[in-house]
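Worksheet: one structure, shown below.
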Amino acid sequence: MFALVDCNNFYASCERVFRPDLNGRPVVVLSNNDGCIIARSNEAKELGIKMGEPAFKIADFLTEKQVTVFSSNYVLYGDLSHRVMNTLGRFTPELEVYSIDEAFLNLTGLTVDWEEYARIIRQTVGRQVGIPVSVGIAPTKVLAKVANHRGKKIPGQNGICVLDTPRKIGEALETFEVGEVWGIGRQYRKLLNSINVYTAGDFLQLDDDWVRRKMTVVGLRVKKELAGISCLELELIPPAKKVICTSRSFGHDQTALEPIEEAVATYAARCAEKLRRQQSCAGMLMVFLHTNSFKEDEPQYAKNLVCKLPVPTNSTIELIHYTSAALRAIYKKGYRYKKAGVIVMEIVPEDRIQGSLFDCVDREKQATVMRKLDEINGKYGRDTLKVAAQGLGQKWKLRQEKLSPCYTTRWQDIIKVRV
DNA sequence: TCTGGGGTCCTAGGACCC
DNA sequence: TCTGGGGTCCTAGGACCC
């Protein structure tokens with residue numbers, strides 16, 4: 001048996017943990033740069049606010065309805081996510097952290113009342129972390145997703161749903177919209193609807209060969225899982241990333257090369273940090289740059305450049321050297337730039353590097369410098385020590401006008417209790 | 001004024017090898 | 001009339017997830 005535990009409206013719930021005055025009130029969280037709505041409390045959903053809606057389009061509506069708006073605060077969400085996962089870890093020996101707000105638990109071997117167990121999980125996370133969660137329990141991961149969805153959406157379920165018998169599963173799938181099934185997105189939904197398949201139950205009636213042909217083995221696995229045949233195992237150790245990307249829109253459009261170069265150097269530094277955290281090196285990188293395609297009346301330009309590195313690296317200094325050169329090669333004067341990014345690829349473990357006969361970089365020394373850099377920044381905060389190319393001005397920085405404090409990770413932001 | 005930022009997997013087709 | 005059989009690697013595109 002698997003449980004899927006999913007935090008309700010996670011980012012909005014995080015903001016409410018330290019703002020209990022907002023309980024029962026509409027809350028939304030914006031994407032980077034305060035662009036789009038990416039999380040909504042139930043009250044905000046009830047007001048009809050849509051996921052992904054650009055905030056500026058509904059600014060007046062938000063004010064009128066007294067919706068509390070937050071910029072995204074990933075430091076806070078990341079820390080609360082850790083706390084949730086730690087708490088969940090006590091309910092199973094096998095936990096897969098699937099995303100920032102979801103985890104699968106292997107419950108195989110437990111002899112408990114599932115409903116009761118789900119209730120205890122929910123209560124414990126709520127009490128110890130302050131985040132409301134939903135719990136779905138079923139014999140496969142896809143069915144656990146279905147159960148979780150039902151626990152969350154069906155009134156009276158109290159965020160809990162157990163699908164542990166063929167009859168319960170069959171009844172649930174009969175009314176479960178096929179596009180809501182994990183692994184069936186918009187395109188497949190359209191395809192399935194076109195042949196009169198509207199529910200997960202309908203989907204189960206289809207011929208395996210047809211599913212395999214039209215939806216690849218991925219679709220067939222989904223079907224097997226819905227039928228109660230477990231094909232997706234728990235991933236206990238998160239696999240190393242094969243590609244790492246750091247990209248941001250600028251707070252304001254940029255025209256000069258210098259600030260863009262600072263931004264790209266900072267993105268390169270982030271990529272290098274992520275590489276070192278998973279103990280790998282990248283053999284290739286790409287820099288991209290583009291104008292704002294929403295502004296149709298302005299001249300548009302978008303370009304990227306891929307650069308093969310002589311020897312795979314995770315050194316911030318070396319990566320910045322190449323990303324700066326790549327940026328200078330694609331930058332053209334006379335445009336208003338909106339976004340840039342760095343992608344590192346051909347990622348290999350750092351102890352399996354193919355060296356080069358003509359390599360003239362002292363890699364031992366670079367590694368030592370990076371280790372010290374990470375140590376210092378780990379202790380005193382990100383970018384306490386950085387490469388000069390990252391700049392000091394940072395006029396390209398994100399817009400974050402409604403950022404909440406880092407209640408749990410920054411000394412000066414820790415909440416004060418008055419006596 | 002203003003529109004996010006990350007990832008994965010699978011398949012088909014072409015080029016190439018013996 | 002008729003033209004083998006077995007591979008690999010790479011890329012682009014399309015689907016999906018949070």
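Order of the sequence lines sets the chain letters (A, B, ...), proteins ahead of strands, with each chain counted from 1. Values reported hereafter were calculated over all heavy atoms of this structure, with side chains retained and with hydrogens, waters and symmetry mates removed.
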Practice prompt. Identify whether any heavy atom of A:Asn33 sits under 4.0 Å from a base atom; if not, whether one sits that close to sugar-phosphate; answer base, sugar-phosphate or nothing.
Written response: nothing
Discussion item. Of the options B:dC2, C:dC18, B:dC9, whose atoms approach the side-chain atoms of A:Phe56 most closely?
Written reply: B:dC2
Discussion item. What contact category does A:Lys214 fall into here, base, sugar-phosphate, or nothing, at under 4.0 angstrom with non-hydrogen atoms?
Written reply: nothing
Discussion item. Would you compute the distance between atom NZ of A:Lys338 and atom CG of A:Asn292 and round it to the nearest 0.5 angstrom?
Written reply: 5.5 Å
Discussion item. Please tell me if A:Lys241 has a side-chain N or O lying less than 4.0 Å from either OP1 or OP2 of B:dT8.
Written reply: no
Item to complete: Could you check which of B:dC2, C:dC18, C:dC16 has an atom nearest any side-chain atom of A:Arg399?
Response: B:dC2
Item to complete: May I ask you to check whether over 12 heavy atoms, not counting those of A:Glu64, lie within 6.0 Å of atom CD?
Response: yes
Discussion item. Assuming nearest nucleotide by heavy-atom distance, tell me which of A:Cys36 and A:Val243 is located more 5' along DNA chain B.
Written reply: A:Cys36
Worksheet item: Counting side-chain heavy atoms from C-beta on, which of B:dG4, B:dG6, B:dC2 comes nearest to A:Ser247?
Response: B:dG6
Worksheet item: How is A:Arg213 classified with respect to the nucleic acid when contacts are heavy atoms under 4.0 Å: base, sugar-phosphate, or nothing?
Response: nothing
Item to complete: Could you tell me whether A:Ser72 contacts a base, only the sugar-phosphate backbone, or nothing, with contacts defined as non-hydrogen atoms closer than 4.0 Å?
Response: nothing
Worksheet item: Can you check whether A:Tyr11 and A:Tyr74 have ring centres sitting under 6.0 Å from each other?
Response: yes
Discussion item. In whole Å, I'd like the distance from the NZ atom of A:Lys57 to the P atom of B:dG4.
Written reply: 11 Å
Worksheet item: Is the phosphate of B:dG6, meaning OP1 or OP2, less than 4.0 Å from a side-chain N or O of A:Arg248?
Response: yes
Discussion item. When you measure from the side-chain N and O atoms of A:Lys190 to the phosphate of C:dC16, is any distance below 4.0 Å, counting only OP1 and OP2?
Written reply: no
Response to the item:
Looking only at C:dC18, B:dT3, B:dC10, the nucleotide nearest the A:Val218 side chain is B:dC10
Worksheet item: What nucleotide among B:dG5, B:dT11, B:dG7 has an atom nearest to a side-chain atom of A:Val217?
Response: B:dT11
Worksheet entry | Interatomic distance where CZ belongs to A:Phe288 and C1' belongs to B:dG4 [whole Å] | 11 Å
Item to complete: Output the single nucleotide from B:dG4, C:dC16, B:dG6 whose closest atom is nearest the side chain of A:Lys274.
Response: B:dG6
Practice prompt. Measure from the side-chain heavy atoms of A:Lys295 and tell me the nearest of B:dG4, B:dT1, B:dC9.
Written response: B:dT1
Discussion item. Within the 4.0 Å heavy-atom criterion, would you say A:Ile100 contacts the bases, only the backbone, or no part of the nucleic acid?
Written reply: nothing
Fill in: A:Asn314 and its side chain to side chain donor-acceptor pair (under 3.5 Å) partner, picked from A:Gln278, A:Gln279, A:Glu273, A:Glu350
A:Glu350
Response to the item:
Quick note, A:Tyr98 side chain, CB onward, closest among B:dG7, C:dC18, C:dA15 is C:dC18
Discussion item. So, OP1 or OP2 of B:dG5: does either fall under 4.0 Å of a side-chain N or O from A:Lys339?
Written reply: yes
Worksheet entry | Of A:Phe104, A:Phe176, A:Tyr188, the residue whose pairing with A:Trp182 passes ring pair (Phe, Tyr, Trp, His ring centres under 6.0 Å) | A:Phe104
Practice prompt. Answer with base, sugar-phosphate or nothing: what part of the nucleic acid does A:Leu30 contact at a heavy-atom distance below 4.0 Å?
Written response: nothing
Fill in: Rounded distance in Å - OH (A:Tyr74) to C1' (B:dG4)
7 Å
Discussion item. With a 4.0 Å cut-off on N to O distance, would you call A:Arg212 and A:Asp207 a salt bridge?
Written reply: no
Worksheet item: Looking for any heavy atom pair under 4.0 Å, which part of the strands does A:Glu102 touch: base, sugar-phosphate only, or nothing?
Response: sugar-phosphate
Worksheet entry | Side-chain N or O of A:Thr216 closer than 4.0 Å to phosphate OP1/OP2 of B:dC9 | no
Item to complete: Could you tell me whether the side chains of A:Arg371 and A:Gln366 share a donor-acceptor contact shorter than 3.5 Å?
Response: no
Discussion item. Suppose you measure atom C1' in B:dC17 against the same atom in C:dG4; what distance do you get, rounded to whole Å?
Written reply: 15 Å
Item to complete: Rounded off to whole Å, could you give me the CD-to-C1' distance for the A:Glu235 and C:dC18 pair?
Response: 14 Å
Discussion item. So A:Asp34, base contact, sugar-phosphate only, or nothing? Heavy-atom distance under 4.0 Å.
Written reply: nothing
Worksheet item: Mapping A:Gly35 and A:Arg221 to their closest nucleotides on DNA chain B, which lands nearer the 5' end?
Response: A:Gly35
Worksheet item: Considering only C:dC18, B:dG4, B:dG6, which nucleotide approaches the side chain of A:Lys145 most closely?
Response: C:dC18
Worksheet item: Just how far, in rounded Å, is C1' of B:dT8 from CD of A:Glu96?
Response: 13 Å
Worksheet item: Base, sugar-phosphate, or nothing for A:Arg212, non-hydrogen atoms under 4.0 angstrom?
Response: sugar-phosphate
